[in-house]
Amino acid sequence: MSLQSLLQSRVATALIAAGIDPALAVVTPAADTRFGDYQTNAAMVAAKSLKKNPREVAAAIVAHLQVGDLSEVPQIAGAGFINFKILDAALSDAVNAVRLDDRLGVVPVADPKTILIDFSSPNVAKPMHVGHIRSTILGDSLTGIARQLGHHVITDNHIGDWGTQFGKVIYGWKHFLNREALEKAPIEELVRLYREVNALEESNPAIKETVRGELVKLQQGDEENLSIWNQAVAYSWKEFERLYGLLEITFDERLGESFYNDALGPLVERLLTKGIAELSEGAVCIFFRDIPALEDKPCLIRKGDGGYLYATTDLATLEYRQERWKPDAVWYVTGAPQQLHFHQVFAAAQRLGITSDLRHVAFGSILGEDRKMMKTRSGENVELGGLLHEAMERALSVVVEKNRDLPDAERHEIARIIGLGAVKYADLMQHRLTDYVFSWEKMLSFQGNTAPYLQNAYVRIRSIFRKAAESGVSTEENTIVIQAPAERALALQLLQFGEVLTAVLDDQRPNLLCLYLFELANAFHSFYEACPILKSEGDIRSSRLALAEVTARVLKTGLGLLGISVPERM
Ligand code: ARG
């Protein structure tokens, strides 16, 4: 049990003794560390409902508190906060326990949930652009964190492999395909076909019917068109896989939209029979007359011409997921513009009797330096592959500058780790709903809340250990004994790792983990400045080495949960 939960349970016991609801026992790290290390506002909350003076309620609670083994006498501060200053001995014990724990103090949840995370989900024959990068990076880190806490997670890449774009792609394939280009850069070639046909339609509107005819033929199962579609999907996957390989991201399932094609017709019929959906001017809709926000926004599930929609597929997908995995929760990691779509799908799902906790994990846009949606100079969407390569190239020039004597292969590997880490971290450190400005300079800086700064903190610790080994200092079997203020601050920060992961999952916000790691690195730097490690001796040196070692492990594990690696030197 963490020190925080231990205090929490002691507070709960005291609340019961004072005749107060123990659910109010919430302990958090102190906001103002001058008064203590942890605090609870239980007295203030209780005083409100009891209509009593909060400081008096606090005094009554403190009278029942038994925390002598953990903290100095609890102090009442401000409007009724109860503050705890942890004893050096208790703090040492707690941080030693984290050091000896393979899980670094992260306690698995008592009731693991089955969570299906739907993320990345790019579209076939369209480039994976920076909008998909947020989904991919966020989804992957949420997956890692949920698994670390003991949840059962299924990841599903719901790619857009069926849609109206295929009429154009097939027409283009039949008339202007360049095989060589397709082999070399498949998505680029598919996009070229798509654009070529778009332009053709504009100059010659009569062609539109023929292009649409290709789509209808595909939907009716025409052999030639199906084979073209199959190839287009396979070629796109090849390129997606290359990017996922680069990002070191894998999926449990890759069930694209097309997987649900056969389920759409029967689903719509069933919704009609059950009275959940209605015929409306030849189309089929689900109305939400009882939901104010959706009152005038029915969900269209079959068009007048018989075509199905994005929402129809999502409902069929949900039914399939219910049947196969019975998930407690389904998280959809997609951009904020899809809010209405998911609101409708979730409302419809409820009518279908689906009770899973459905969440749209929405996120904002990535902006260019001009604060508009990020585009290339020629006004096109920035393509993810190019972006990642640029990140590695830019990181390489930084690494070369710093390490002229490292072998070439190692410099490239370090540049890969720094470049990809920088892009991922710059995204994850933002509150997911904010739009942020993409800045190479900022994300690759070794100063501030960036991946290179955190990776550098890790590398610094590793170099201390290399130096220790060179001078024959033992680095095994050390025990932490907390004494100096900078040691206290670092130890307290180390103890929060598990709590932070839980907080991340509450609202799907990996930025809380980023902030935590940044503060951990800062606490380590303050400790490093104030407390000599290799220059000290005996037990003090052992203790400080051990403290540094746990810090390195938490940094590495925490960054790992964000999908970011660390180099051993840089
Ligand atoms: N392919 C969609 C897009 O690029 C995202 C799909 C998200 N998942 C879902 N089940 N709707 O916008």
Side-chain angles (χ1 to χ4, degrees), residues 115-140 142-143 153-166 169 187 190-191 194 229 232-233 236-237 239-240 243-244 249 251-261 263-264 267 286 299-301 308-325 327 329-350 352 354 356-366 373-374 380-385 427 432 508:
I115 306 172
L116 191 138
I117 309 186
D118 174 321
F119 71 98
S120 194
S121 312
N123 301 311
V124 165
K126 292 185 187 169
M128 207 201 280
H129 57 71
V130 288
H132 292 115
I133 193 176
R134 285 201 96 170
S135 173
T136 309
I137 293 173
L138 260 169
D140 182 54
L142 290 171
T143 301
V153 179
I154 300 131
T155 57
D156 187 9
N157 192 348
H158 186 77
I159 63 161
D161 60 358
W162 195 257
T164 47
Q165 75 261 39
F166 281 103
V169 172
I187 296 187
L190 293 173
V191 171
Y194 178 84
W229 170 77
V233 173
S236 296
W237 261 117
E239 197 153 327
F240 294 152
L243 287 172
Y244 295 134
I249 289 176
F251 296 89
D252 300 323
E253 300 292 336
R254 333 183 302 182
L255 302 173
E257 294 181 13
S258 67
F259 180 77
Y260 303 96
N261 280 346
L264 304 182
L267 169 66
I286 302 176
C299 179
L300 185 60
I301 55 172
Y308 301 107
L309 297 101
Y310 187 41
T312 328
T313 310
D314 258 327
L315 284 173
T317 307
L318 245 179
E319 281 201 322
Y320 175 85
R321 290 172 175 167
Q322 296 299 313
E323 184 130 325
R324 181 157 168 205
W325 294 290
V330 184
W331 297 350
Y332 297 84
V333 189
T334 57
Q338 298 198 24
Q339 221 128 30
L340 173 62
H341 165 74
F342 284 113
H343 196 173
Q344 292 177 323
V345 168
F346 296 171
Q350 202 177 16
L352 269 164
I354 291 173
S356 306
D357 177 17
L358 307 175
R359 293 226 195 157
H360 178 202
V361 179
F363 53 82
S365 311
I366 307 182
M373 289 288 266
M374 186 152 112
E380 290 174 9
N381 276 330
V382 178
E383 190 262 326
L384 181 54
D427 199 276
R432 62 180 158 81
Q508 295 86 27

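Start at 1 and go down the list; that is how both ligands and their atoms are numbered.
In this structure, Gln338 places its CD atom where more than 12 heavy-atom neighbours from other residues, nucleotides or ligands lie under 6.0 Å away.
Side chain of Arg432 to backbone of Gln508: a donor-acceptor contact under 3.5 angstrom is found.
The N/O atoms of Asp314, backbone and side chain alike, include one that comes under 3.5 Å of an N/O atom in ligand 1. Taking only nitrogen or oxygen atoms, main chain and side chain alike, Ser121 reaches within less than 3.5 Å of ligand 1.
In this structure, of Thr334, Val330, Asn157, Thr313, the residue bringing a heavy atom nearest to atom 7 (C) of ligand 1 is Thr334.
The existence of a salt bridge linking Arg321 and Glu253 is excluded, since no basic side-chain nitrogen approaches an acidic carboxylate oxygen closer than 4.0 Å.
Per-residue contacts place Asp118 under 4.0 angstrom from the following atoms of ligand 1 (heavy atoms of the residue considered): 7 (C), 8 (N), 9 (C), 10 (N). For ligand 1, the atoms closer than 4.0 angstrom to any heavy atom of His158 are 8 (N), 9 (C), 10 (N). The atoms of ligand 1 that sit less than 4.0 Å from any heavy atom of Tyr310 are 2 (C), 5 (C), 6 (C), 7 (C), 9 (C), 11 (N). With ligand atoms numbered from 1 in the order given, ligand 1 contributes 11 (N) to contacts under 4.0 Å with heavy atoms of Phe342. Below 4.0 Å from some heavy atom of Tyr332 lie the following atoms of ligand 1, by number and element: 10 (N). Here is the list of ligand 1 atoms found below 4.0 Å of a heavy atom in Gln338: 3 (C), 12 (O).
The ring-ring contact (aromatic ring centres under 6.0 Å, His included) test applied to Phe346 returns Tyr332, Phe342, not counting sequence neighbours. Residues passing the salt bridge (Lys or Arg N to Asp or Glu O under 4.0 Å) test with Asp140, sequence neighbours excluded: none.
Shortest non-hydrogen contact noted between Ala125 and Ser236 is N-OG, 3.4 Å.
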Assess whether side-chain contact (heavy atoms from CB on, under 4.5 Å) is satisfied between Ile187 and Val191, documenting all intermediate values.
-> CA-CA 6 Å; Ile187 296 187; Val191 171; 4.0 Å; yes
